[in-house]
Participant: 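Have a look at this one before I ask anything.
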2 protein chains.
Amino acid sequence: MNNFSDATSCPVRNVLDRLSDKWTILVILVLGETGTMRFNEIHKQIGDISEKMLTVSLRKLEADGLISREVYPVIPPRVEYRLTALGQELLPLIDTISNWANRHMQQILTNRQQYNG
Amino acid sequence: MNNFSDATSCPVRNVLDRLSDKWTILVILVLGETGTMRFNEIHKQIGDISEKMLTVSLRKLEADGLISREVYPVIPPRVEYRLTALGQELLPLIDTISNWANRHMQQILTNRQQYNG
DNA sequence: CGGTATCCTGTGCGATACTG
DNA sequence: CAGTATCGCACAGGATACCG
């Protein structure tokens with residue numbers, strides 16, 4: 001039996017708190033699909049994320065060791081992001097949830113509408 | 001290849017937007033571990049969630065059809081929550097992420113510390 | 001190209017009080 | 001017991017401008 005009540009020591013909460021924002025999981029999915037990507041590729045792929053939030057998301061993922069960030073000292077600058085081994089390990093789990101979402105969205109939307117009248 | 005760029009039509013975003021708040025996934029996990037639970041049981045199990053946010057989270061999960069809410073017309077009131085079939089189907093996926101979190105938290109915390117100096 | 005720096009706003013969330 | 005109602009605020013996140 002788990003104990004979720006202490007936010008700082010509970011692993012699940014420690015990790016989920018980090019994944020539970022508007023963009024992080026999406027960034028992992030995109031990087032997982034395409035492999036190595038540059039900043040603006042990710043940006044285009046997600047579409048409505050602001051540059052600021054993409055930067056913030058990437059930096060947090062880098063800090064946690066889920067993605068790597070390689071800077072090529074050329075002009076114009078070239079920066080490549082990719083999943084690390086740790087990130088690769090997380091990817092299939094997120095992918096599974098993504099598939100579940102695809103399978104059940106219609107049902108969930110119907111439920112939601114009915115509930116809200 | 002997925003297209004994540006339209007928030008309203010993309011299944012992944014539709015579903016993830018709903019799961020990506022501070023408490024929802026935790027509520028699913030707790031209900032998954034213990035089965036049928038009353039309001040205050042969930043509240044105690046999570047500890048630092050406010051009654052307001054627990055109510056909000058439960059209502060959203062109910063709206064999406066992931067949990068059911070059964071009210072017994074007795075005094076004092078008795079309300080039981082449990083995962084629906086749809087919720088049960090999502091549970092193992094979240095469980096897997098929870099396990100991943102348990103396995104890798106220490107590494108992630110170390111990464112984070114090193115990154116932030 | 002790949003970002004910062006600033007400013008600003010909506011809202012997620014907590015705290016507290018009250019209720020059938 | 002299982003909630004609502006209300007208030008207030010920190011902060012996530014958007015918009016815009018600027019930069020090496």
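Order of the sequence lines fixes the chain letters, A, B, ..., with proteins taken first and strands second; residue numbering starts at 1 for each chain.
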Participant: By the 4.0 Å heavy-atom rule, please label B/Tyr72 as base, sugar-phosphate, or nothing.
Facilitator: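 Result for B/Tyr72 = nothing.
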Participant: Using side chain to side chain contact (heavy atoms under 4.5 Å, CB included), reason through A/Leu29 and B/Val12 one step at a time and then give a plain yes or no.
Facilitator: CA-CA 10 Å; A/Leu29 273 174; B/Val12 184; 3.7 Å; yes
Participant: How close or far is atom P of D/dC1 from atom CD of B/Glu80, stated in whole angstroms?
Facilitator: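 Checked: the CD to P distance equals 14 Å.
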Participant: What is the per-nucleotide protein-contact pattern of nucleotides 13-20 of chain D, from the 5' end, where B denotes a base atom under 4.0 Å from a protein heavy atom, S denotes such proximity for sugar-phosphate atoms only, and - denotes neither?
Facilitator: BBB----B
Participant: At under 4.0 Å, does any side-chain N or O of B/Arg59 touch on OP1 or OP2 of D/dG3?
Facilitator: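 Yes, because at least one side-chain N or O of B/Arg59 sits under 4.0 Å from OP1 or OP2 of D/dG3.
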Participant: Would you indicate, yes or no, if D/dG3 has its OP1 or OP2 atom less than 4.0 angstrom from a side-chain nitrogen or oxygen of B/Arg38?
Facilitator: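 The answer is no; no side-chain N or O of B/Arg38 sits under 4.0 Å from OP1 or OP2.
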Participant: Any sub-3.5 Å donor-acceptor pair from B/Glu41's side-chain atoms to B/Arg38's backbone N or O?
Facilitator: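 Looks like yes, one N/O pair under 3.5 Å.
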Participant: Report the C-alpha distance between B/Arg103 and A/Glu89 in whole Å, list the side-chain angles of each, state the deciding distance to 0.1 Å, and finish with yes or no for salt bridge (Lys or Arg N to Asp or Glu O under 4.0 Å).
Facilitator: CA-CA 11 Å; B/Arg103 279 203 308 283; A/Glu89 213 185 312; 3.7 Å; yes
Participant: Would you say A/Lys60 and B/Arg112 make side-chain contact, with heavy atoms under 4.5 Å?
Facilitator: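 Answer no - side chains too far apart.
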Participant: Is any side-chain N or O of B/Tyr81 closer than 4.0 Å to OP1 or OP2 of D/dG3?
Facilitator: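 For B/Tyr81, the contact criterion (side-chain N or O under 4.0 Å from OP1 or OP2 of D/dG3) is met.
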Participant: If I take atom CZ in residue A/Arg18 and atom P in nucleotide D/dA12, what distance separates them, rounded to the nearest angstrom?
Facilitator: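 Rounded to the whole Å, the gap is 11 Å.
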Participant: From the 5' end of DNA chain C to its 3' end, which nucleotides mark the outer limits of contact with chain B, defined by a 4.0 Å heavy-atom distance cut-off (strictly under)?
Facilitator: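 Contact span on the strand: C/dC13 to C/dG20.
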Participant: So, the side chain of B/Ser98 versus the backbone of B/Ile94: is there a donor-acceptor pair under 3.5 Å, distance only?
Facilitator: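 No.
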Participant: So do B/Leu86 and A/His104 actually touch side chain to side chain, heavy atoms under 4.5 Å?
Facilitator: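 Yes - at least one pair of side-chain heavy atoms lies under 4.5 Å apart.
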Participant: Provide, to the nearest angstrom, the distance between the CG atom belonging to B/Leu54 and the C1' atom belonging to D/dA5.
Facilitator: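 In whole Å, D/dA5 C1' and B/Leu54 CG are 17 Å from each other.
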Participant: With a 3.5 Å distance limit and no angle check, can you tell me whether B/His43 reaches the backbone of B/Leu54 through a side-chain donor-acceptor pair?
Facilitator: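 It does not hold such a pair.
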Participant: Between A/Val15 and A/Arg18, is there a side-chain heavy-atom distance shorter than 4.5 Å?
Facilitator: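 With C-beta onward as the side chain, the pair stays apart.
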Participant: Please report, rounded to the nearest Å, how far the C1' atom of D/dC1 is from the CD1 atom of B/Ile42.
Facilitator: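 Taking CD1 of B/Ile42 and C1' of D/dC1, I get 13 Å after rounding.
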Participant: Do the charged groups of B/Lys22 and A/Asp21 touch, with an N to O distance under 4.0 Å?
Facilitator: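 No salt bridge links B/Lys22 with A/Asp21.
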Participant: Taking NE2 from B/His43 and C1' from D/dG3, how many angstroms apart are they, rounded to a whole number?
Facilitator: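 So the NE2-C1' distance, B/His43 to D/dG3, works out to 11 Å.
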